[in-house]
Every structure is written in structure tokens, then in C-alpha cells.
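Every chain is numbered from 1, with letters handed out A, B, ... down the list of sequences.
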Amino acid sequence: KAGVTQTPRYLIKTRGQQVTLSCSPISGHRSVSWYQQTPGQGLQFLFEYFSETQRNKGNFPGRFSGRQFSNSRSEMNVSTLELGDSALYLCASRRTSRSTDTQYFGPGTRLTVL
Amino acid sequence: DQQVKQNSPSLSVQEGRISILNCDYTNSMFDYFLWYKKYPAEGPTFLISISSIKDKNEDGRFTVFLNKSAKHLSLHIVPSQPGDSAVYFCAASAKESGSARQLTFGSGTQLTVLP
């Protein structure tokens with residue numbers, strides 16, 4: 001079974017631009033979560049989608065948004081990029097969102113904002 | 001407000017010896033705990049989990065211990081191997097009605113196993 005895939009793997013943008021990241025979950029998984037990882041900060045939860053609905057949201061500004069499609073693929077968008085948005089963005093999938101199902105992570109998208 | 005804390009940013013251990021990684025939490029509602037391992041340029045990989053109804057869970061060389069009264073959990077790796085060198089993240093979740101079960105991660109501990 002294929003794992004979680006994320007595209008692109010690396011991205012360089014400048015301040016003020018916007019960016020869209022993509023995540024394809026493991027086949028059969030309907031929940032997709034997004035995390036931001038910065039040095040020394042661990043993984044900060046952004047949001048989770050299940051059946052095309054946002055089920056949970058972390059403490060991030062409204063510049064960070066996401067959506068999920070009917071095939072469970074998810075996209076994350078960041079508008080008006082700031083230097084502090086430079087990070088590794090990780091996507092994780094699991095079968096459902098209301099259980100102790102294990103989350104499986106993709107390799108991440110490394111975003112650099114100049 | 002860090003609800004999950006890994007106070008040791010790094011740990012070095014000799015090959016063959018035991019590695020003990022520690023994690024503390026503050027939210028008494030957490031009832032499910034996980035450990036993930038992360039290599040550079042890869043996403044975190046699930047290692048082992050434990051429910052709050054247990055105090056120990058074992059899987060091969062990996063054992064997780066949970067001390068609910070102290071709000072502390074630890075991951076033991078025996079024997080440690082050079083391939084275990086990675087960043088280890090502790091994570092916790094709480095069952096919240098009406099919401100998805102979200103994971104809260106610690107900041108990670110870099111384990112280096114010396115040959």
C-alpha cells in the first residue's frame with residue numbers, strides 16, 4: 001500500500017506571495033491533518049479534515065487555510081507569506097478522526113520564504 | 001503553553017546499551033500517547049503507543065512506560081543500535097466530545113547511538 005505523498009517536496013517563495021501544498025493520503029484513509037515543524041518547536045497542529053469537513057483547527061492565523069476533496073486528497077494554502085512561515089509542512093492521514101487510529105506522515109514539503 | 005514537554009533536546013548512548021527518552025505532560029485529559037521517530041528529510045514514523053488504561057506497552061526492542069500520577073512517560077530502547085539515531089517525538093491526545101482527536105507533540109529529542 002502506497003504511503004502518504006506530498007507535493008512539492010521543496011518550495012522557495014518570497015514574502016507576500018501565496019503557496020498551495022498538496023497531500024494524498026493512504027488509500028482508504030479519510031482523515032488528513034496538517035502540521036508545521038520549525039526548529040525547536042516540534043510539530044504544531046494546523047488543522048484536520050475528514051470527509052471534506054474541517055474537524056479541528058490549531059492556533060494559526062487565518063492566512064493558513066485548507067480543504068479536502070471527495071477523494072480525500074487535501075490542499076493547504078498560505079497567503080501573504082511571511083519569513084516566519086519558513087518551515088517543514090507535514091501531512092498525516094488516518095482512517096478516521098474519532099478514534100485512536102495511528103496517524104501516518106508524509107515526507108513533508110520544505111517551504112523557504114525569502 | 002507547552003502541554004507536552006521533552007526537556008532533553010539531545011541524548012547520546014553507546015551501541016548495545018539502553019536508551020531512555022522522557023516526556024512530561026500537563027493536560028490531565030490526555031488519555032492516549034504515542035512515540036514517533038524522525039530521520040532528516042523524512043516524515044515522522046510511528047513507533048509505539050499506549051493508552052492511559054495501561055502503564056506499559058512493549059514492542060520488540062521498544063517499551064513505553066506511563067506514570068499517570070506523575071504525568072510522565074518514557075520510551076526505552078534496548079539494545080540501542082546506530083540505526084536508532086534520529087529525533088524522537090512524544091505525542092498525546094485527549095478525547096474531546098464533538099471534535100476530532102488531535103495530537104499534541106513535544107519538541108523532540110535527538111538520539112545519537114555511538115558505535
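Linking Ile, Leu, Val, Met, Phe, Trp and Tyr residues whenever their side-chain heavy atoms come within less than 4.5 Å places A:F60 and A:V32 in a single cluster. At a threshold of 4.5 Å between side-chain heavy atoms, the hydrophobic network of Ile, Leu, Val, Met, Phe, Trp and Tyr places B:I48 and B:L21 in one connected group. A:L83 and A:F64 fall within the same hydrophobic cluster, where Ile, Leu, Val, Met, Phe, Trp and Tyr residues are linked whenever their side-chain heavy atoms come under 4.5 Å apart, directly or through other members.
The two residues B:F46 and A:T102 make their nearest non-hydrogen contact at CG-CG2, 3.4 Å.
Heavy-atom neighbours of A:N71 CG from other residues, nucleotides or ligands within 6.0 Å: above the threshold of 12. Within 6.0 Å of CZ in A:R63 there are more than 12 heavy atoms belonging to other residues, nucleotides or ligands. Crowding of B:K5 atom NZ: a count of heavy atoms from other residues, nucleotides or ligands under 6.0 Å not exceeding 12.
Looking at A:R9, only its side chain comes within 4.5 Å of chain B, counting heavy atoms on both sides. Heavy-atom distances place no part of A:Q6 under 4.5 Å from chain B, backbone and side chain included.
Taking CG of B:L103 as the start and CG of A:N56 as the end, the distance is 10.5 Å to the nearest 0.5 Å. Rounding to the nearest 0.5 angstrom, the gap separating the NZ atom in B:K38 from the CG atom in A:L90 is 6.5 Å. Rounded to the nearest 0.5 Å, atoms CD (A:Q103) and OG (B:S49) are 12.0 Å apart.
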| Hey, mind stepping through A:F105 and B:Y36 against side chain to side chain contact (heavy atoms under 4.5 Å, CB included) and telling me if it holds? | CA-CA 10 Å; A:F105 284 84; B:Y36 282 84; 3.6 Å; yes
| request: Go through the steps for B:T104 and A:F45 under the test side chain to side chain contact (heavy atoms under 4.5 Å, CB included), then give the verdict. | output: CA-CA 7 Å; B:T104 301; A:F45 173 74; over 6 Å; no
